[in-house]
Student: 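Pasting a structure below so you can have a look.
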Amino acid sequence: MLIHPKTKEAYQLLHQGTLAFARAEQAGMRIDVDYCQQKKEELTNRINQLEKEILNSKFGKRWQHSTKSKINLNSNYQLSYFLYNVQKLEPAKVTITGKGSTDDETLSGLRIPELDKLLEMKKLLKIRDTYLDAFLREQVKGFIHPFFNLHLVRTFRSSSDRPNFQNIPKRDKEAMQLCRKALYPRKGNQFLAMDFSGIEVRMACIYTQDEKLIYDTVHGDMHKDMAIELYMLDSLDKHNSGEAVLRQAGKNGFVFPEFYGDYYGNCALSLLKWAEQGKLKDGTPCLIHLQDKGLIKLNKNGTVKNNDKFIEHVKHVEDMFWNERYKIYTKWKDKTWGLYQKKGYIDMYTGFRCSGLMNKKDVTNYPFQGTAFHCLLWTFIEIDKRMRKENWDSRPISQVHDEVTVDTHPDELQHVSKSIKNIATKELPEAWDWINVPLDVELEKTKVDESWADKKYFEI
DNA sequence: GGAACTCGCCAC
DNA sequence: AAACGTGGCGAGTTCC
């Protein structure tokens with residue numbers, strides 16, 4: 001499998017992107033070294049406490065007894081052996097090599113208090129050893145300089161390392177705060193962030209020219225629509241907290257996985273997990289609602305006893321999704337797959353060619369993923385150019401696939417905000433005339449001297 | 001004692 | 001018939 005620039009424009013994008021990223025890497029991001037050290041200590045205390053509690057429990061003693069070597073709470077190998085070979089529990093999942101799984105979902109499903117403690121401990125270890133440690137290890141004079149690579153990803157996205165700046169916790173509130181409160185703009189400055197709304201789906205619109213997909217992306221709300229179908233709701237109010245969860249479920253439990261090539265079986269299970277947290281606006285828990293609709297049967301303790309009907313239902317929704325709602329998209333997939341099989345490659349609008357051995361999912365995903373990132377890359381290059389031409393103090397310093405962060409001088413905030421929004425939504429579609437759906441962005445900022453955890457939505 | 005592999009988890 | 005796309009990285013384990 002190989003993707004390569006096929007036109008001079010594509011080559012220029014890589015060349016200029018590399019130079020713009022190099023300037024961002026050189027600028028770097030300020031970190032609070034004292035904070036990192038202090039939080040590391042606090043985390044270590046909490047980890048030690050949890051460790052002690054687990055080791056002193058009956059569960060811990062039995063585990064210790066089962067292993068020939070010294071007990072190590074961080075060893076999934078030991079844990080798997082203890083749970084499934086010694087205690088003879090039934091693993092809900094097995095790994096590729098056939099051992100009983102010890103991932104979060106499997107362990108929490110066993111409902112053993114010590115395992116819940118262990119999971120808490122693992123979470124804290126991850127924060128301490130993967131993020132705070134990396135910041136301290138990589139910092140030079142209070143700045144980290146994450147690298148952004150353009151030569152490592154099959155789809156011609158970017159990657160980041162030393163430290164990886166593209167996977168810092170966001171969804172888990174506690175992990176997000178602990179990690180992102182380490183990151184600051186230069187003193188007296190503020191963060192400004194811009195991200196493209198649904199850029200991959202918009203690329204899908206452009207390649208497939210599916211009218212329904214275009215309509216839903218520009219005017220509609222497909223995540224809400226799908227949540228309504230999947231959970232058999234009459235309506236959904238995304239400003240109601242219980243129903244907002246269900247919309248999230250529609251998005252992360254169905255729409256995105258389906259676009260990436262997943263199928264109804266996995267989606268149904270994921271949707272039921274989400275349903276545990278969701279409520280209808282009258283307060284009915286979603287699982288009860290699904291039981292009332294005859295889609296599942298519940299045990300007395302509230303867990304799911306039977307989900308056959310629900311899986312059948314999700315299968316039907318999937319069928320409608322691909323063969324009715326987005327049937328033009330589906331036709332495009334078949335056509336593109338056929339074309340690839342004949343020619344041995346597929347071209348992106350940005351002048352890159354993907355060739356070599358690919359399966360159908362790859363062939364129908366890579367163009368969207370790569371092209372979406374190239375929109376960000378083009379934008380980043382233009383921001384960098386503008387910065388140098390107009391002698392900004394502000395500096396673009398990082399990007400995460402569809403988002404760029406600028407360490408911004410407060411006097412320049414208005415001008416920089418307007419400039420980057422204009423570049424992304426006006427100049428980009430003018431430069432690339434194949435972009436025939438509107439592009440949209442969201443802006444976030446912090447106040448002066450606030451951390452990256454404090455970013456808030458704002459309008460110019 | 002380092003390379004390679006496995007598992008798990010973070011992001012888009 | 002089968003069944004999730006792209007990465008980086010830490011810790012444990014096994015291989016050489």
Side-chain angles (χ1 to χ4, degrees), chain A residues 1 3 67 69-81 93-107 118-119 121-134 137-138 146-172 175-176 178-180 195-201 203-204 251-270 311 314-315 318 333 354 358-373 376 398-404:
Chain A
M1 216 301 295
I3 304 184
T67 172
S69 47
K70 191 174 181 313
I71 183 169
N72 180 350
L73 297 190
N74 229 347
S75 167
N76 289 327
Y77 185 86
Q78 277 186 18
L79 179 59
S80 180
Y81 180 78
K93 261 197 307 212
V94 292
T95 65
I96 298 171
T97 54
K99 288 196 275 288
S101 167
T102 55
D103 67 10
D104 191 331
E105 200 190 342
T106 310
L107 294 187
L118 183 65
L119 289 170
M121 191 183 120
K122 281 167 180 272
K123 186 185 121 177
L124 301 180
L125 276 165
K126 172 94 178 162
I127 297 167
R128 188 189 69 179
D129 296 344
T130 303
Y131 298 105
L132 298 183
D133 250 1
R137 188 180 64 240
E138 299 295 341
F147 288 84
F148 297 98
N149 312 300
L150 286 171
H151 63 297
L152 295 177
V153 182
R154 302 158 68 88
T155 60
F156 261 86
R157 255 195 187 179
S158 66
S159 72
S160 169
D161 58 17
R162 290 183 292 165
N164 181 354
F165 204 72
Q166 296 179 323
N167 71 346
I168 297 170
K170 183 171 185 177
R171 287 163 204 156
D172 183 294
M176 185 280 271
L178 280 165
C179 296
R180 297 191 175 206
D195 79 288
F196 280 104
S197 316
I199 188 75
E200 276 194 35
V201 177
M203 294 304 115
K251 177 178 174 181
N252 296 321
F254 184 81
V255 174
F256 281 0
E258 286 284 344
F259 280 147
Y260 286 139
D262 205 356
Y263 87 115
Y264 64 88
N266 289 334
C267 292
L269 298 182
S270 166
I311 293 174
V314 177
K315 182 180 180 185
E318 180 187 75
K333 285 203 280 197
C354 321
M358 289 179 278
N359 63 31
K360 188 176 177 184
K361 281 175 195 159
D362 295 339
V363 166
T364 52
N365 267 327
Y366 289 1
F368 306 160
Q369 197 174 104
T371 310
F373 172 67
L376 187 281
S398 74
Q399 55 80 21
V400 189
H401 309 306
D402 65 352
E403 169 187 329
V404 51

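Letters go in sequence order (proteins before strands), and every chain restarts at 1.
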Student: For A/K170 and B/dC12, is the shortest distance between a side-chain N/O and OP1 or OP2 below 4.0 Å?
Tutor: yes
Student: What does A/L152 touch in the nucleic acid at a heavy-atom separation under 4.0 angstrom: a base, only the sugar-phosphate, or nothing?
Tutor: sugar-phosphate
Student: Return no unless some side-chain N or O of A/S75 is found under 4.0 Å from OP1 or OP2 of C/dT13.
Tutor: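 Indeed, a polar side-chain atom of A/S75 lies that close.
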Student: Report yes if at least one side-chain N or O of A/R180 is closer than 4.0 Å to OP1 or OP2 of B/dA11; otherwise report no.
Tutor: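 Indeed not, no polar side-chain atom of A/R180 lies that close.
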Student: Mind checking A/R128 for me? I need base, sugar-phosphate or nothing, with any heavy atom below 4.0 Å counting as a touch.
Tutor: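 The answer is nothing, as A/R128 stays clear of every strand by at least 4.0 Å.
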Student: Please evaluate the base of B/dC10 for a donor-acceptor partner in the side chain of A/K126 within a cut-off of under 3.5 Å?
Tutor: no
Student: So, the side chain of A/Q369 versus the backbone of A/T155: is there a donor-acceptor pair under 3.5 Å, distance only?
Tutor: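 Looks like no, no N/O pair under 3.5 Å.
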Student: Which nucleotide sits closest to the side chain of A/N167: C/dG12, B/dC9, C/dG7?
Tutor: C/dG7
Student: According to a strict under-4.0 Å criterion, is A/S160 in side-chain N/O contact with OP1 or OP2 of C/dG7?
Tutor: no
Student: Whether A/R157 engages the ring of A/F373 as a cation-pi pair (distance to the six-membered ring centre under 6.0 angstrom, angle to the ring normal within 45°) should be assessed.
Tutor: no
Student: If I take atom NE2 in residue A/H151 and atom P in nucleotide C/dG8, what distance separates them, rounded to the nearest angstrom?
Tutor: 9 Å
Student: Side-chain donor or acceptor of A/Q166 under 3.5 Å from a matching atom on the base of C/dG7?
Tutor: no
Student: Taking 4.0 Å as the cut-off, does a side-chain nitrogen or oxygen of A/R154 come that near to OP1 or OP2 on C/dT6?
Tutor: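 True: A/R154 side-chain N/O within range (under 4.0 Å) of C/dT6 OP1/OP2.
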Student: Heavy atoms from C-beta onward define the side chain here; which of B/dC12, C/dG5, C/dA3 lies closest to that of A/Y264?
Tutor: C/dA3
Student: Counting heavy atoms from C-beta on, name the nucleotide in C/dC4, C/dG10, C/dG5 closest to the side chain of A/N266.
Tutor: C/dC4
Student: Over how many whole Å does the gap from A/I127 atom CD1 to B/dA11 atom C1' extend?
Tutor: 15 Å
Student: Within the pair A/T155 and C/dG5, is there a side-chain N or O less than 4.0 Å away from OP1 or OP2?
Tutor: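 Result: no.
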Student: Within the structure, does a side-chain N or O atom of A/R171 lie under 4.0 Å from either OP1 or OP2 of B/dC12?
Tutor: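 So the side chain of A/R171 is within the cut-off, an N or O lying under 4.0 Å from OP1 or OP2 of B/dC12.
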Student: Of the listed nucleotides (C/dG7, B/dC9, C/dG8), which one gets closest to any side-chain atom of A/D103?
Tutor: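 Taking heavy atoms from C-beta onward, the closest nucleotide is B/dC9.
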Student: Say you draw a straight line from CG of A/D103 to NZ of A/K122; how long is it, rounded to the nearest 0.5 Å?
Tutor: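 Rounded to the nearest 0.5 Å, the CG-NZ separation comes out at 9.5 Å.
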Student: Around atom NZ of A/K315, are there more than 12 heavy atoms from other residues, nucleotides or ligands closer than 6.0 Å?
Tutor: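 Atom NZ in A/K315 is not crowded, with 12 or fewer foreign heavy atoms closer than 6.0 Å.
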Student: From CD of A/E318 over to P of C/dC4, roughly how many Å is that when rounded to an integer?
Tutor: 12 Å
Student: Look at the side chain of A/D104 and decide which nucleotide, out of C/dG7, B/dC9, C/dC4, has an atom nearest to it.
Tutor: B/dC9
Student: Picking from C/dC9, C/dG7, C/dT6, which would you name as closest to the side chain of A/R162?
Tutor: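 My answer, after comparing the listed nucleotides, is C/dC9.
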Student: Quick one: label A/D133 by what it contacts on the DNA or RNA (base, sugar-phosphate, nothing), any heavy atom closer than 4.0 Å.
Tutor: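 No contact.
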Student: With a cut-off of less than 4.0 Å, is there a side-chain N or O of A/N72 near OP1 or OP2 of C/dA11?
Tutor: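 No.
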Student: So A/G261, base contact, sugar-phosphate only, or nothing? Heavy-atom distance under 4.0 Å.
Tutor: sugar-phosphate
Student: To the nearest Å, how far apart are A/F165 CZ and B/dC12 P?
Tutor: 12 Å
Student: Rounded to the nearest Å, what distance is computed from the CG atom of residue A/N149 to the C1' atom of nucleotide C/dT6?
Tutor: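 Rounded to whole Å, this separation is 14 Å.
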Student: Provide, to the nearest angstrom, the distance between the CG atom belonging to A/D195 and the P atom belonging to B/dA11.
Tutor: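 To the nearest whole Å, that distance equals 15 Å.
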Student: Starting at atom CG of A/D262, determine the distance to atom C1' of C/dG5, rounded to an integer number of angstrom.
Tutor: 10 Å
Student: Under 4.0 Å from OP1 or OP2 of B/dC10: is there any side-chain N or O of A/Y131 that close?
Tutor: no
Student: Would you say A/Y77 places a side-chain N or O within less than 4.0 Å of OP1 or OP2 belonging to C/dT14?
Tutor: yes
Student: Ignoring the backbone of A/P257, work out which of B/dG8, C/dC4, C/dT6 is nearest its side chain.
Tutor: C/dC4
Student: Using a 3.5 Å distance criterion without hydrogens, assess whether the side chain of A/R128 forms a donor-acceptor pair with backbone atoms of A/D133.
Tutor: no
Student: Do A/S160 side-chain atoms and A/F147 backbone N/O form a donor-acceptor pair below 3.5 Å?
Tutor: yes
Student: Go through C/dA3, B/dG8, C/dG7 for me and flag the one nearest to the A/S159 side chain.
Tutor: C/dG7
